[in-house]
Amino acid sequence: MPKTIIDIRNISKVYKMGTQLVHALRDVSVSIEENEYVALMGPSGSGKSTLMNILGCLDTPSTGTYLFNGTNVNELNDNELAEIRNREIGFVFQTFNLLPRASALKNIELPLVYSGIKKYDRLDRAEAALKSVGLEDRMEHKPNELSGGQRQRVAIARALVTSPSIILADEPTGNLDTKTGNDIMKLFQNLWEKGNTIIIVTHEEEIALHAKRIIRLRDGLVETDEINQNQVTFN
Amino acid sequence: MLYEIKESIILSFDALRSNKLRAFLASLGVVIGISIVIMMGWLLGGLDKAMQDTFSVIGTDMLYVDKWDWTGGDKWDRLRNRKNVTMSQAEQLKELHGSAEYVIPNINQWATTIEFGGETYAGMTAVGTTAENVHTPVGNLLLGRFFNDFEEEYGSNVIVIGYLVYATIFQGKDPIGKTIKLNGRPLRVIGVVQKRGTMFFDFIDRQMFLPLKKYAGIWSIDKRSMSIGIKAGLNKDLDEVRNETIGLMRIIRNLKPNEPNDFSVNETKAFEKSIADIRFQVYTVGIGMTLLAFIVGIIGIMNIMFVTVTERTKEIGIRKSLGAKKRSIWIQFLVESSILCLLGAFLSLVICSIIAYLAATYLPTYFPEIGFLLPVLPTELFIIAAIVSVLVGLLAGLIPAIRASNLDPVEALRFD
Ligand SMILES: Nc1ncnc2c1ncn2[C@@H]1O[C@H](COP(=O)(O)OP(=O)(O)OP(=O)(O)O)[C@@H](O)[C@H]1O
Ligand SMILES: [Mg+2]
């Protein structure tokens with residue numbers, strides 16, 4: 001039986017805006033297993049990013065339980081959450097979120113710094129990660145010396161470098177043209193084929209079709225959650 | 001943790017480099033504060049050195065039995081009524097003293113005029129003493145030699161002159177073997193004492209030393225009170241020697257047990273008080289100014305650190321999303337504010353070094369009283385400045401760093 005990585009039950013997230021309560025998520029239950037490839041879809045404001053932040057342990061739910069690899073996340077303190085983010089989760093953001101003053105290599109090295117890995121080991125692993133996204137000739141480039149697609153590759157390399165249990169990507173192609181977006185999706189497919197677990201937030205149907213499973217949110221609720229029968233794969 | 005600090009140091013330099021002017025302005029208060037601390041330490045260092053010099057001029061292992069008290073503690077007219085310290089008392093003391101290495105009588109003739117080469121030079125002090133004076137700081141000679149036992153015994157016409165006497169009369173020309181006249185009596189110069197004077201004692205270089213017997217042939221030694229120098233010897237216990245001296249002098253001067261001492265035993269300690277007074281003044285002014293400067297400095301740094309934290313909210317969010325713990329975040333900002341202050345301290349040291357050098361080199365020409373200024377800053381000031389600046393940096397960076405480490409990662413990531 002495959003291992004369950006993510007198991008959320010009856011999760012809700014409520015924001016207070018003055019006197020008004022915003023229900024970003026209401027009663028969401030999802031379970032994701034090892035080596036799944038999931039697309040999270042839904043209109044703007046449906047709660048995709050909110051769910052992603054909770055899954056990534058950046059945020060905590062208002063109610064409900066979250067088991068990550070069997071650990072109850074609700075019971076963890078800030079430091080323990082930071083450790084989970086560091087070791088188990090690789091984030092990829094729409095706006096890349098690279099440190100502007102640091103080189104590509106330094107950016108990729110950063111998560112390893114926080115896991116307390118020795119310098120020479122870090123460099124080896126960061127270089128390997130950069131190679132795996134095809135940017136070995138751009139190590140010393142700063143983000144502003146790279147194209148959007150290249151920046152997103154650096155961000156993916158950074159997400160991969162700690163060999164996390166899961167990669168969470170919030171609109172990873174949102175700032176890229178179609179062709180570059182496809183390159184990035186090809187990269188995700190490769191990772192998936194190598195055994196990685198991937199969740200991608202998107203509101204583009206074509207992007208979602210690359211995933212094996214599609215979860216649709218609406219108004220903070222899971223509308224549908226089904227296997228993608230027409231998965232589009234790159235050769 | 002160590003690695004994180006190292007990494008933060010590199011990051012901080014990057015950050016500061018990209019905002020040099022702002023960093024400079026922010027650290028201005030610290031620069032001023034540290035500069036005051038340094039200048040204060042520099043002044044006190046000079047004073048201490050002057051004090052040490054003064055002590056070595058007199059001799060830290062020397063006691064002087066006198067009618068007068070160096071501390072000025074007792075009333076002058078009460079001291080005036082004391083009986084003189086006489087030659088025969090000095091001889092008895094020398095005879096009886098067990099713990100002292102040397103007992104050396106001195107008698108001073110102030111405001112003596114020297115005749116040489118048809119000119120007269122006023123304001124010198126003739127000192128009649130024994131050959132054993134060569135074992136006190138007076139015995140450190142620049143030229144020639146001190147008079148010996150034989151010359152003392154026979155009251156030879158020889159004299160050893162102080163540095164200012166030499167400089168005034170001979171102006172660098174060889175004085176040895178030249179004859180000068182005191183009260184019309186010819187005396188052959190056989191030695192010159194090294195320069196010893198400091199801000200507290202420049203009269204000391206106007207002294208000149210001749211055998212007591214010779215002195216007695218020129219001036220009367222009965223009407224004047226003597227000063228008996230007692231050398232304890234460096235490894236002797238000064239208290240023991242002082243106690244014996246007091247005991248013997250009381251016997252020699254026939255004091256009854258209930259009578260107070262009618263003489264003083266002077267030593268270099270007497271000058272510690274006047275130095276302590278100056279020190280205290282430097283401290284009070286300095287500490288007040290330092291506090292003020294540091295409050296301004298800390299506010300400046302704290303302010304700039306708040307701005308920095310706000311500017312880097314996004315970066316903090318990114319770091320947190322990658323697994324940075326709170327500790328990593330606050331270390332980064334504390335290191336940055338400390339480095340900011342450390343650079344301020346470095347700047348202060350450069351500025352103060354230049355000021356100290358210029359002041360010590362050129363000012364004493366116009367104001368001889370401040371001849372004690374040191375041309376280089378004492379080394380420990382560099383360490384103090386570094387430590388103080390890092391402390392200020394930590395203090396100023398504390399609240400901004402805590403604020404940074406407490407930022408919510410989702411909020412921080414959303415920040416533009
Ligand atoms: N910090 C917050 N404070 C108040 N309301 C919030 C906050 N974050 C999100 N929301 C609200 O929660 C709801 C879900 O937001 P979320 O960002 O998850 O949407 P999304 O599905 O990611 O939308 P998009 O496709 O536009 O990114 C929205 O109505 C939003 O206004
Ligand atoms: Mg979103």
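Summarising the geometry of B/Ala324 relative to A/Ala82, their closest heavy-atom pair is O-CB, 3.8 Å, with the distance given to 0.1 Å. Closest approach of A/Phe91 and B/Ser321 over heavy atoms only: CD1-O, 3.5 Å.
For A/Arg218, the CZ atom sits in a loose shell: 12 or fewer heavy atoms of surrounding residues, nucleotides or ligands are nearer than 6.0 Å. Summarising the local packing, CZ of B/Arg403 is surrounded by 12 or fewer heavy atoms from other residues, nucleotides or ligands at distances under 6.0 Å. Counting heavy-atom neighbours within 6.0 Å of A/Asp219 CG, excluding the residue itself, gives a total of 12 or less. By the 6.0 Å contact criterion, OH on B/Tyr357 is open, its count of non-hydrogen atoms from other residues, nucleotides or ligands being 12 or less. Atom CZ of B/Phe346 is surrounded by 12 or fewer heavy atoms from other residues, nucleotides or ligands within 6.0 Å. At most 12 heavy atoms of other shown residues, nucleotides or ligands fall within 6.0 angstrom of atom NZ in A/Lys131. The local environment of NZ in B/Lys314 is crowded, with over 12 non-hydrogen atoms from other residues, nucleotides or ligands closer than 6.0 Å. Around CZ of B/Phe415, the count of heavy atoms belonging to other residues, nucleotides or ligands within 6.0 Å exceeds 12.
Proximity to chain B (any heavy atom under 4.5 Å) is restricted, for A/Lys106, to the side chain, taken from C-beta onward. Contact annotation for A/Thr162: neither backbone nor side-chain heavy atoms come within less than 4.5 Å of a heavy atom of chain B. The contact between A/Leu110 and chain B is made entirely by side chain atoms (from C-beta outward), counting heavy-atom distances below 4.5 Å. With a 4.5 angstrom heavy-atom cutoff, A/Arg158 touches chain B only via side-chain atoms.
How far SG of A/Cys57 is from NZ of B/Lys320: 14.0 Å, rounded to the nearest 0.5 Å. Once rounded to the nearest 0.5 Å, the distance linking CG of A/Leu98 with CD1 of B/Ile318 reads 7.0 Å.
Looking at B/Lys325 and A/Leu81, their side chains never come closer than 4.5 Å, going by heavy atoms from C-beta outward. No side-chain heavy atom of B/Leu322 sits under 4.5 Å from any side-chain heavy atom of A/Asn86. In this structure the side chain of B/Arg327 never reaches within 4.5 angstrom of the side chain of A/Asn79, judged on heavy atoms. The side-chain heavy atoms of B/Glu411 and A/Asp59, taken from C-beta on, include no pair separated by under 4.5 Å.
Panel note: side chain A/Arg101, backbone B/Asp14; no donor-acceptor pair is recorded below 3.5 Å.
In this structure, A/Asp78 pairs ionically with B/Lys326, as a charged nitrogen and a carboxylate oxygen lie closer than 4.0 Å.
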